[in-house]
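Not measured: the values here are computed from a predicted model.
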Amino acid sequence: MANVRDSDGTLLLVRGRLKGGTRLTLQCAEKTGRPYLLLLLSGRPDIVPVVQWLRNNAITVLNIAGPRESSEPGIYAEARFWLDNLFELLKRET
């Protein structure tokens, strides 16, 4: 998968069990040895470990993956809220 190959790492935002394209993305990251982090959106995930993962792996080009809104209603808003907070924190720290 080009997105995995062409990025420095992949952040997978999920609610539970991986399936479909999200599972395929994880498999591609594992197969290619590219860094990835699986983040469960349920229950207020902590941003600090993600920031540390980004820094420890020198990630400047981030691939973000997860299920589609059509298969997981509401996940877009959850992911958007969480990513907005992550990017705001990163912006303040630079």
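- Val51 and Leu39 fall within the same hydrophobic cluster, defined by Ile, Leu, Val, Met, Phe, Trp and Tyr side-chain heavy atoms under 4.5 Å apart, directly or through other members.
- Apart from Leu26 itself, the hydrophobic cluster it occupies contains Leu12, Val14, Leu18, Tyr36, Leu38, Leu40, where clustering links Ile, Leu, Val, Met, Phe, Trp and Tyr at side-chain heavy-atom distances under 4.5 Å.
- Linking Ile, Leu, Val, Met, Phe, Trp and Tyr residues whenever their side-chain heavy atoms come within less than 4.5 Å places Leu90 and Leu37 in a single cluster.
- Within the structure, side chain to side chain donor-acceptor pair (under 3.5 Å) pairs that include any residue of residues 16-25 do not occur (at least two apart or interchain).
- Within the structure, salt bridge (charged side-chain N to carboxylate O under 4.0 Å, His left out) contacts touching residues 33-43 (residues at least two apart or in different chains) do not occur.
- Distance check: Leu11 CG to Ile59 CD1 gives 8.5 Å after rounding to the nearest 0.5 Å.
- The cluster map of Ile, Leu, Val, Met, Phe, Trp and Tyr, joined by side-chain heavy atoms under 4.5 Å apart, puts Val4 and Leu62 in different clusters.
- Connectivity analysis of hydrophobic side chains (ILVMFWY, heavy atoms under 4.5 Å, direct or indirect) links Tyr76 to nothing; its cluster partners are none.
- Distance CZ/Arg15 to CD1/Ile75: 4.5 Å, rounded to 0.5 Å.
- At least one donor-acceptor pair under 3.5 Å links the side chain of Asp8 to the backbone N or O of Val61.
- Taking hydrophobic clusters as Ile, Leu, Val, Met, Phe, Trp and Tyr residues chained together by side-chain heavy-atom distances below 4.5 Å, Phe87 shares a cluster with Trp53.
- For the atom pair Glu88 CD and Leu83 CG, the distance stands at 13.0 Å (nearest 0.5 Å).
- Listed by chain and number, the residues in a side chain to side chain donor-acceptor pair (under 3.5 Å) with Ser70 amount to none (sequence neighbours excluded).
- Sorted by first then second residue, the salt bridge (charged side-chain N to carboxylate O under 4.0 Å, His left out) pairs that include residues 40-58, not counting sequence neighbours, are Arg55-Glu93.
- Among all heavy-atom pairs drawn from Leu13 and Ala79, the shortest one is CD1-CB, 3.8 Å.
- Of the possible donor and acceptor atoms, one in the side chain of Trp82 sits under 3.5 Å from a partner among the backbone N and O of Pro45.
- If you take CD on Glu30 and OG1 on Thr10, they are separated by 11.0 Å, rounding to the nearest 0.5 Å.
- Contact record, Ser7 with Asn3: OG-O, 3.0 Å, taken as the closest heavy-atom pair.
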